[in-house]
Number of protein chains: 2
Amino acid sequence: MQVYTSATISLSSHLAQPGRPAPLESGPLQPVMFFPASSEIYAQGEKAGAFYQVEFGAVRIYRLLADGRRQISAFHLAGETFGFEAGTTHHFFAEAINATGVRVFRVTGGADMSHQLLPLALKGLTRAQEHLLVLGRQNAIERVAAFLVDMVERQGGLRQVELPMSRVDIGDYLGLTIETVSRVFTRLKDKGVIRLLNLRSVEILKQDVLQTMGE
Amino acid sequence: MQVYTSATISLSSHLAQPGRPAPLESGPLQPVMFFPASSEIYAQGEKAGAFYQVEFGAVRIYRLLADGRRQISAFHLAGETFGFEAGTTHHFFAEAINATGVRVFRVTGGADMSHQLLPLALKGLTRAQEHLLVLGRQNAIERVAAFLVDMVERQGGLRQVELPMSRVDIGDYLGLTIETVSRVFTRLKDKGVIRLLNLRSVEILKQDVLQTMGE
DNA sequence: CGAATAATTGACAAACGTCAATGCCCGTGG
DNA sequence: CCACGGGCATTGACGTTTGTCAATTATTCG
């Protein structure tokens with residue numbers, strides 16, 4: 001089992017960069033921050049005063065057990081939103097997986113953002129509960145299939161899917177070890193369901209088979 | 001593995017009963033509905049137009065896989081709220097575990113309830129993500145310990161905890177089989193951590209040990 | 001009191017994890 | 001441009017945990 005000590009957890013500083021023109025729905029220009037690979041966006045216990053939209057790159061949201069076991073509860077790709085949380089402190093860690101740009105929306109005491117936040121929170125809730133079904137009741141091959149189908153859908157249904165995260169990340173998302181993830185990829189490859197173009201991109205050869213596996 | 005076919009899924013009708021005085025925060029009297037044990041409160045795919053507060057009894061929220069495997073994503077006890085969902089249709093099933101009274105808050109198009117719903121949604125999101133950590137990264141004894149600690153906290157920290165749900169429900173909540181749940185209860189009993197008063201109530205003898213196990 | 005249901009227990013099997021060795025990318029520097 | 005090194009991924013052998021199947025015991029409800 002892969003374990004994360006305090007030394008393993010990213011300690012990189014937050015590098016703020018000048019914002020660029022905001023191609024966003026409404027409101028004033030929102031700052032875009034740049035995070036290098038494996039840098040921390042926020043930490044568990046930190047005060048939560050903003051929510052975030054991924055401009056480019058990818059983000060992982062996770063929690064740790066005392067002994068270092070890690071569970072990634074979500075990945076967020078370009079265009080997706082994260083970071084709104086109950087109460088005033090973050091319950092999770094957020095890290096950039098690769099070089100990532102994030103648009104920050106500060107939630108001031110005055111402005112009422114319930115209207116914007118509620119649909120995001122509900123969507124996150126539904127996603128988390130679907131993920132519970134995968135972790136609680138599906139075996140290794142079903143979990144990987146469900147993950148791949150999800151990635152396909154989030155990338156517009158293209159045959160070729162980019163996986164911005166490592167095998168370790170995938171394992172920690174699916175509640176599996178890196179070895180099991182690797183073996184399942186090999187099995188899917190041998191069955192002719194997928195083709196590994198390189199470590200970070202997969203071609204889906206039999207979408208329907210994958211879909212059925214992931215239920 | 002326990003499996004649920006359409007015959008197994010509750011088909012009981014919704015028995016509405018006259019409401020009683022509403023001991024609630026604000027607003028007009030809200031109707032209380034009564035559901036007998038194992039009756040359906042709402043089903044996956046149904047139109048969602050309300051949220052619910054448990055008056056007495058207990059509720060399970062779950063999803064099914066095509067082959068009948070079930071994952072319970074949450075239990076709701078007296079005083080707790082559930083049923084608000086993204087979009088217009090329910091993504092889950094809600095069933096009364098025992099004879100249960102539920103106060104129904106209809107969400108009309110006009111009234112804006114974001115303020116009330118957002119904190120509930122965020123709390124649910126946090127709970128779901130904590131549950132993900134349990135299912136993804138904890139073993140059987142840790143899962144049961146975490147479950148018992150959660151039940152203790154939700155029942156005010158008393159030594160004696162009531163479990164309104166069956167072992168099957170606990171298994172489907174923790175991603176374990178009923179046999180494994182049973183064996184873990186026995187192990188905890190043999191270790192002197194808990195005492196089984198009867199099938200549905202547990203005395204916590206070593207809260208600290210339990211707490212440590214559940215991390 | 002007795003039947004039906006739920007829970008426990010045991011023997012065995014299967015899935016996944018652990019440990020260790022090997023292989024493959026990819027970036028860097030000569 | 002090629003060679004080398006380091007990190008990540010894959011593969012194999014084996015162990016552990018949990019699931020499956022089946023029998024037994026306990027509990028609840030008529």
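Hydrogens, waters and symmetry mates are skipped; everything else that's a heavy atom, side chains included, is used.
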_Between C1' on C:dC25 and CG on A:L196, what's the gap in Å once rounded to a whole number?_
13 Å
*Which class fits the ring pair A:Y173 and A:F75: parallel under 30°, tilted 30 to 60°, perpendicular over 60°?*
tilted
*With a 3.5 Å cut-off and just heavy-atom distances, do the side chain of B:R183 and the base of D:dT20 make a donor-acceptor pair?*
yes
*Whole-Å distance between D:dC8 P and A:L163 CG?*
16 Å
*With a 4.0 Å cut-off on heavy atoms, is B:G175 in touch with a base, just the backbone sugar-phosphate, or nothing at all?*
sugar-phosphate
*Atom CG of B:D190 and atom C1' of C:dT8: how far apart are they, to the nearest Å?*
12 Å
*Rounded to the Å, how far apart are B:N139 CG and C:dC16 C1'?*
13 Å
*Gap between atoms CD and C1', on B:Q138 and D:dT16 respectively (whole Å)*: 18 Å
*Kindly say if B:T180 contacts the phosphate of D:dT17, meaning a side-chain N or O under 4.0 Å from OP1 or OP2.*
no
_With a 4.0 Å limit, can you tell me whether B:T177 has a side-chain N or O closer than that to the phosphate oxygens OP1/OP2 of D:dT18?_
no
*asked:* In this structure, how many angstroms lie between the C1' atom of D:dG19 and the CD1 atom of B:I141, rounded?
replied: 17 Å
*Classify the side chain of B:R167 versus the base of D:dT27 as yes if they form a donor-acceptor pair under 3.5 Å and no if they do not.*
no
*State which residue, out of A:R60, A:R70, A:Q71, fulfils the side chain to side chain donor-acceptor pair (under 3.5 Å) condition with A:D172.*
A:R70
*asked:* Using whole Å, what does the distance between atom C1' of nucleotide C:dA6 and atom CG of B:N198 come to?
replied: 13 Å
*asked:* Suppose we call a contact any N or O donor and acceptor under 3.5 Å apart; does that hold for the side chain of A:E179 and the base of C:dC16?
replied: no
*asked:* Can you tell whether the side chains of B:E162 and B:R200 come within less than 4.0 Å, N to carboxylate O?
replied: no
*asked:* Less than 6.0 angstrom from the centroid, inside 45 degrees of the normal: does B:R167 satisfy that with respect to the ring of B:F185?
replied: yes
